[in-house]
Amino acid sequence: MINDLWYKNAVIYCLSVATYMDANGDGIGDFEGLMRRLDYLQGMGVTAIWLMPFQPSPCRDDGYDIADYYGVDPRYGTLGDFVEFAEGCKQRGLRLLIDLVVNHTSNEHPWFQESRRDPHSKYRDWYVWSKKKPKSANSGVVFPGVQKSTWDYDVVAKAYYFHRFYDFQPDLNTSHPEVQAEILKIMGFWLQLGVSGFRMDAVPFVIAQKGRDIAKPQEQYDMLRTFSQFLNWRKGDAIILGEANVLPGTDMQYFGNSGDRIQMMFNFEVNQHQFLALATGDSRPLVKAMQATKRRPATAQWGQFLRNHDELDLGRLTEKQRESVFAEFGPDPEMQLYNRGIRRRLAPMLQGDRRRLELAYSMMMTLPGTPVIRYGDEIGMGDNLKLPERNCARTPMQWSTEPNAGFTKSDKPCMPVISDGPYGFPHTNVAAQRRDPTSLLNWMERIIRMRKEVPEIGWGDFSFVSTGTSQVLAVRYHWRNNSVLCVHNLSAEPREVRLKLRADDEADCELVNLLSDEHSHPEKGAVHRLLLEPYGYRWYRVCGLDYLLRRSAI
Ligand code: NOJ
Ligand code: CA
């Protein structure tokens, strides 16, 4: 039964329809174009696709400002195209997740228009109003610099409304029973059209108490159980992957002690500390982050990731730690955002160094959880720092050397395609990498295949194996009498490490290399001596197949 939990070992790929593939040549990506790329995605080996918002929207926050929850923005196609796409995923065995952005709507949403226009409308209380400007108006902004306050005056309503994010994103009053019922209805609608779940935007804010007099908003965690129960009723295997950048101590509140709240969450704690480890070569803070987020219900899962469509938030690190990540990966002010993060793509952060890119991805894929890959990272796409804010890392997918990277036939793409320098499409594109067996794309395909063959990572328990140096991280997973050992050298120098397998019956155990034929035979006392090249990594299965077959036969 427990094998049914597909998300425990999925490989998720996220993309934005707008910038993936344009089929009708108007410069904007669409569902028809995305359909044509489904075989590419399946070929790479991903098992689930997460689509960023594609519903009708003024698009002032890349679609995270929705004006109609029950439709497809005509720029991307029709609802019919969506259903065809969902069917295309199903035929290929790909799961489909979509963004669920219900903390707020666009200010152009008819609900908000009604709410501001008519104090007696049923929609009035769907939002959060105050006659007077609340004292807290200047605190709690999410986008410092581009967002001044969390309460703004509306001339039509003659009152202030609450917005956690931009002023064009009024918060829904999520405690209101009718709003909650509507959220369920939205989920039910898309489930019916074939999705397997939702990446829920801004979860801590969705469940927070909202209102003029609330100085310290409490989270209403039970709301998550309501969502989850509804999903279970409608579609037993549907999940919620929560975007909740919260402290490790509160994780269990989101998962629920018995796993009865949300099934997945992004592991922001580990994400930030992985970048710290990559920047400093020291694995110790990452080890701590992994320990701090180790406990979770058996049915819950972490989403592990490197970069996403937002800035790399470093808010969890100490001042000193953050400085070292900035110095290594985002030294120029134009690379930084909101004083807390880096807005670049992964490849330029790692200076396009193939060894470091492989190390970063190999590490991420062997962290406890399910990997989430950002579109374009599989070919090492770059960023365009001339674009404002987070847009720099949201440029169109680079398919080929054709004009505009083969993304569109139009000469006016909705976002400029990166065309110059080492990350420009003439150098960095899918077509060229597909033909080259040594390319990053082909490496990615192989590592994804291997990740799928190592279910211990998604299902198992992990422990750390001492290597004698904090520059080499060795993590061991156990699951159903099987075991793997993943070793990563964070250092720019070669490192020789000695590590010992502890159990009594492991003295003769071989470490079978899963990525090459260089296996390790133990020295006396179950000690393995491994020589790792700079930024080198190894995935081993402990004891080899013969041993495992014997053991499972007992
Ligand atoms: C989180 C999303 O990831 C981000 O892109 C968006 O701006 C905010 N939520 C507001 O919806
Ligand atoms: Ca189009």
Side-chain angles (χ1 to χ4, degrees), residues 204 242-255 257 264-297 300-308 311-330 340-342 346 349-350 356 359-372 456-458 460-478 484-492 495 497 499-500 502 532 535 537-538:
E243 186 221 11
N245 191 347
V246 292
L247 290 172
T250 46
D251 296 338
M252 289 300 283
Q253 304 277 17
Y254 285 82
F255 288 135
N257 282 323
M264 285 190 77
M265 286 212 279
F266 289 108
N267 198 328
F268 285 97
E269 182 76 9
V270 162
N271 172 258
Q272 302 190 14
H273 288 90
Q274 185 185 350
F275 276 97
L276 178 64
L278 290 169
T280 59
D282 181 355
S283 66
R284 284 170 299 184
L286 174 62
V287 166
K288 271 201 193 140
M290 289 168 71
Q291 274 160 341
T293 55
K294 186 169 184 177
R295 196 163 86 95
R296 57 178 193 256
Q301 186 60 305
W302 287 117
Q304 301 287 7
F305 63 106
L306 281 160
R307 292 290 292 110
N308 62 19
E311 77 282 5
L312 163 64
D313 189 337
L314 300 170
R316 293 286 176 74
L317 306 183
T318 64
E319 185 88 40
K320 218 171 133 217
Q321 291 174 330
R322 192 162 38 249
E323 285 312 318
S324 52
V325 183
F326 276 144
E328 184 66 20
F329 297 142
R340 62 169 183 235
I342 298 179
L346 184 70
M349 281 168 77
L350 302 179
R356 298 181 86 184
L359 175 79
Y361 257 99
S362 168
M363 260 177 100
M364 189 275 267
M365 294 222 188
T366 55
L367 290 171
T370 281
V372 185
E456 290 93 331
I457 299 174
D461 287 327
F462 70 89
S463 54
F464 297 101
V465 178
S466 166
T467 62
T469 164
S470 61
Q471 292 181 314
V472 178
L473 175 68
V475 184
R476 185 167 175 186
Y477 288 91
H478 288 275
V484 288
L485 178 69
C486 307
V487 187
H488 290 88
N489 176 15
L490 293 159
S491 154
R495 285 281 172 264
V497 295
L499 49 84
K500 193 171 155 67
R502 297 252 164 227
L532 296 149
Y535 306 120
Y537 57 92
R538 302 280 187 278

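Any value given below was found using the heavy atoms of this structure, including those in side chains, with hydrogens, waters and symmetry copies removed.
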Side-chain contact test, heavy atoms from C-beta onward, threshold under 4.5 Å: evaluate it for [X] versus [Y] and give yes or no.
{"X": "T467", "Y": "V465", "result": "no"}
{"X": "L278", "Y": "M349", "result": "no"}
{"X": "Q304", "Y": "P368", "result": "yes"}
{"X": "D251", "Y": "E269", "result": "no"}
{"X": "Y535", "Y": "L490", "result": "no"}
{"X": "L473", "Y": "F464", "result": "yes"}
{"X": "L350", "Y": "F329", "result": "yes"}
{"X": "S491", "Y": "V472", "result": "no"}

Can you confirm if the aromatic rings of F326 and F275 lie within a centre distance of less than 6.0 Å?
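Not under 6.0 Å, so no.
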Residues R316 and N271: side-chain donor-acceptor under 3.5 angstrom:
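The criterion, which ignores hydrogens and geometry beyond distance, is not satisfied for N271 and R316.
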Taking atom NZ of K294 as the centre, does the number of heavy atoms from other residues, nucleotides or ligands within less than 6.0 Å exceed 12?
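Yes - once you tally the heavy atoms of other residues, nucleotides and ligands closer than 6.0 Å, there are more than 12.
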Give a yes or no answer on whether the side chain of [X] reaches the backbone of [Y] with a donor-acceptor pair at less than 3.5 Å.
{"X": "R322", "Y": "L317", "value": "yes"}
{"X": "E328", "Y": "T280", "value": "no"}
{"X": "S324", "Y": "Q321", "value": "yes"}
{"X": "Y477", "Y": "T366", "value": "yes"}

My understanding is that only one of F255, F268, F266 makes a ring pair (Phe, Tyr, Trp, His ring centres under 6.0 Å) with W302; could you say which?
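Going through F255, F268, F266 one by one, the ring pair (Phe, Tyr, Trp, His ring centres under 6.0 Å) with W302 is satisfied by F255 alone.
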Among V475, L359, L532, L286, find the one that has a side-chain contact (heavy atoms from CB on, under 4.5 Å) with H488.
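Looking at V475, L359, L532, L286, the match for H488 under the side-chain contact (heavy atoms from CB on, under 4.5 Å) is L359.
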